[in-house]
Undergrad: 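To start, I am sharing the structure in question, which I have written as structure tokens.
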Number of protein chains: 2
Amino acid sequence: MIPENDDYLVLEKQLCFSLYSASHRLVRSYRLLLEPLDLTYPQYLAMLVLWQQPELNVKDLGEKLHLDSGTLTPLLKRLENKGFVSRTRSQQDERVVHIRLTEQGQLLKAQASHIPKTIFQQSGLPLEQLQQLKHSCDLLFQQLEAL
Amino acid sequence: MIPENDDYLVLEKQLCFSLYSASHRLVRSYRLLLEPLDLTYPQYLAMLVLWQQPELNVKDLGEKLHLDSGTLTPLLKRLENKGFVSRTRSQQDERVVHIRLTEQGQLLKAQASHIPKTIFQQSGLPLEQLQQLKHSCDLLFQQLEAL
DNA sequence: TTGAAGTATATTGCACGCAATTCAATTGAG
DNA sequence: CTCAATTGAATTGCGTGCAATATACTTCAA
């Protein structure tokens, strides 16, 4: 018996659907934790970068987050409206916009410090399995990106 | 030395970011393959279900896809406009909407048959690793869903 | 020096996800 | 039997993702 191609067109067998569902479900878990900070999950990702590197431009932020200006520009304007970042054109090169963490944005970091551990506990999986999951995701991303 | 909570607030260490990036990147790979079929990735997921079960209602479809009516109603209207499904109110219970695969929708299945294998090849990862990745995602989803 | 190519960000448009609300139909307790 | 509670879809509103395009600025070669 040669298996039909058909056999692979089943939702439950598709890696991508599992990845897609787990990713959305995990973001939903973050939502509850981020609500007190008035952050969405993608906004939280941007803040993670800024907490490590309090100033960088949109292009560099986009490369770290794998997002383009079409996504980042409105997202960063919302963070600016909330007072967590400032956006200023570079004097040297008027095309570049510097994103800077504000004091208020810096203060948020303390409120977020418990989140990684909380999520880890909610996952209920052993650390080793989560690390391997992360590793496989990173590898998959690299492979597809390299095409 | 006790590690600071701070140490976990690093983008590159976060499983969720890896999952989030890999998921979006994989959907992007599907996009190219689905363009000839005039389907988006979530629409493709709905078609996968219908190819196995040519008629079901919105609620059951939503449970399979982990999506609610706010997402599905407009998505299904688009599939209806393309002629791939029909939407009809149940006679027995006027609240229920039956989604049915059309002949044209059935024909799409043949055009999609190559996709799973193509994606597998593009991933460049061994089947075993992909299966384990899928398994961990499924487990993670279950754990978070159970809370 | 000047204009063509390249670059960084912004804008537009479309399709999700999903919370919150609405609405009509159905069910079920008293 | 009746009306309050429940249910299945639809609607509304907001924030992404991302392709495509636009715009302003910069660089670079002839």
Side-chain angles (χ1 to χ4, degrees), chain A residues 16-17 20-32 34-35 38-47 56-63 65-82 84-85 87-99 141 145, chain B residues 16-17 20-32 34-35 38-47 56-63 65-82 85 87-99 141 144-145:
Chain A
C16 187
F17 176 62
Y20 167 94
S21 296
S23 171
H24 281 115
R25 188 60 192 76
L26 193 45
V27 168
R28 185 207 299 255
S29 293
Y30 273 94
R31 198 170 296 134
L32 266 181
L34 290 173
E35 197 174 2
D38 193 20
L39 289 177
T40 66
Y41 181 70
Q43 289 166 11
Y44 168 71
L45 292 181
M47 296 303 289
L56 78 174
N57 61 41
V58 175
K59 176 180 164 36
D60 292 344
L61 183 58
E63 277 169 12
L65 299 179
H66 314 307
L67 294 173
D68 72 359
S69 72
T71 302
L72 282 178
T73 296
L75 185 154
L76 291 169
K77 284 183 178 175
R78 284 180 206 112
L79 287 179
E80 186 182 36
N81 286 337
K82 296 177 193 181
F84 299 149
V85 309
R87 298 164 61 247
T88 48
R89 291 267 165 200
S90 165
Q91 294 297 321
Q92 290 76 40
D93 185 339
E94 290 269 353
R95 293 169 302 179
V96 174
V97 171
H98 294 304
I99 307 299
F141 181 87
E145 197 66 5
Chain B
C16 187
F17 176 63
Y20 168 92
S21 297
S23 171
H24 281 115
R25 187 62 192 75
L26 193 46
V27 167
R28 185 206 301 253
S29 292
Y30 273 95
R31 198 170 295 134
L32 266 181
L34 290 173
E35 197 174 1
D38 192 21
L39 290 177
T40 66
Y41 182 70
Q43 288 166 11
Y44 168 71
L45 292 180
M47 296 303 289
L56 79 176
N57 61 42
V58 175
K59 176 180 165 33
D60 291 344
L61 183 58
E63 276 170 12
L65 298 178
H66 314 307
L67 295 172
D68 72 359
S69 71
T71 301
L72 282 178
T73 296
L75 185 154
L76 292 169
K77 284 183 178 176
R78 285 179 207 111
L79 287 179
E80 185 182 38
N81 286 337
K82 297 178 193 182
V85 309
R87 299 164 60 247
T88 48
R89 290 265 166 201
S90 164
Q91 293 299 320
Q92 290 75 43
D93 185 340
E94 290 269 351
R95 292 171 304 180
V96 173
V97 170
H98 293 304
I99 307 299
F141 181 88
L144 295 175
E145 197 67 5

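Just so it is clear, the model here is predicted, and its values are computed rather than measured.
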Undergrad: Starting the side chain at C-beta, find the nucleotide from D:dC18, C:dT9, C:dC18 nearest to A:Arg31.
TA: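 The closest nucleotide is C:dC18.
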
Undergrad: Over how many whole Å does the gap from B:Arg89 atom CZ to D:dG8 atom C1' extend?
TA: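 Roughly 8 Å, once rounded to whole Å.
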
Undergrad: What integer distance in Å separates B:Leu67:CG from C:dA15:P?
TA: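 Spelled out: CG on B:Leu67 to P on C:dA15 is 16 Å.
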
Undergrad: Taking the basic N atoms (NZ, or NE/NH1/NH2) and the acidic carboxylate oxygens, is any pair closer than 4.0 Å for A:Glu80 and A:Arg87?
TA: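 Looking at A:Glu80 and A:Arg87, the cut-off is met.
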
Undergrad: Counting only side-chain heavy atoms from C-beta out, which of C:dT9, D:dA10, D:dG8 sits nearest to B:Arg87?
TA: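 That would be D:dA10.
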
Undergrad: Looking only at the side chain of A:His24 (C-beta and beyond, no hydrogens), which of the listed nucleotides D:dA9, C:dC18, D:dG17 gets closest?
TA: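 Nucleotide nearest to A:His24's side chain: C:dC18.
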
Undergrad: Looking at residues at least two apart in the chain, or sitting in another chain, which of them share a side chain to side chain contact (heavy atoms under 4.5 Å, CB included) with B:Ser90?
TA: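 Only B:Gln92, B:Asp93, B:Val96, B:His98 meet the side chain to side chain contact (heavy atoms under 4.5 Å, CB included) criterion with B:Ser90.
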
Undergrad: Please determine whether a side-chain nitrogen of the Lys or Arg among B:Glu35 and B:Arg31 lies less than 4.0 Å from a carboxylate oxygen of the Asp or Glu.
TA: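 No, B:Glu35 and B:Arg31 are not salt-bridged.
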
Undergrad: Need one value for B:Arg25: base, sugar-phosphate or nothing, where a base atom within 4.0 Å counts as base even if backbone is also close, heavy atoms only.
TA: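 If one applies the 4.0 Å heavy-atom cut-off, B:Arg25 turns out to touch nothing in the nucleic acid.
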
Undergrad: From CG of A:Asp68 over to C1' of C:dT7, roughly how many Å is that when rounded to an integer?
TA: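 Taking CG of A:Asp68 and C1' of C:dT7, I get 15 Å after rounding.
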
Undergrad: For B:Tyr44 and C:dC16, what is the distance between atoms OH and C1' respectively, to the nearest whole Å?
TA: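 Those two atoms, OH and C1', are 18 Å apart.
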
Undergrad: So, under a plain 3.5 Å distance rule, would you say the side chain of A:Ser69 forms a donor-acceptor pair with the base of C:dA10?
TA: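 Answer is yes: a donor-acceptor pair is held.
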
Undergrad: Would you mind reading off the distance between B:Leu39 atom CG and C:dA15 atom P, rounded to a whole angstrom?
TA: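 Atom-to-atom, B:Leu39 to C:dA15, this comes out as 12 Å.
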
Undergrad: Using side-chain hydrogen bond (donor to acceptor under 3.5 Å, both in side chains), reason through A:Ser29 and A:Arg25 one step at a time and then give a plain yes or no.
TA: CA-CA 7 Å; A:Ser29 293; A:Arg25 188 60 192 76; 3.1 Å; yes

Undergrad: Strictly under 3.5 Å: I want the nitrogen or oxygen pairs between protein and nucleotides 25-27 of chain C, one per line.
TA:
{"unit_1": "C:dT26", "atom_1": "OP1", "unit_2": "B:Gln92", "atom_2": "O", "d": "3.3"}
{"unit_1": "C:dT26", "atom_1": "OP1", "unit_2": "B:Glu94", "atom_2": "N", "d": "3.2"}

Undergrad: Assign the ring pair B:Tyr20 / B:His24 to parallel, tilted or perpendicular, where the plane angle (0 to 90°) is split at 30° and 60°.
TA: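 Plane angle over 60°, so perpendicular.
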
Undergrad: I'd like a list of close polar pairs between nucleotides 14-16 of chain D and the protein, N/O only, cut-off under 3.5 Å.
TA:
{"unit_1": "D:dT16", "atom_1": "OP1", "unit_2": "A:Thr40", "atom_2": "OG1", "d": "2.6"}
{"unit_1": "D:dT16", "atom_1": "OP2", "unit_2": "A:Gln43", "atom_2": "NE2", "d": "2.5"}
{"unit_1": "D:dT16", "atom_1": "OP2", "unit_2": "A:Arg78", "atom_2": "NH1", "d": "3.0"}
{"unit_1": "D:dT16", "atom_1": "O5'", "unit_2": "A:Arg78", "atom_2": "NH1", "d": "3.3"}

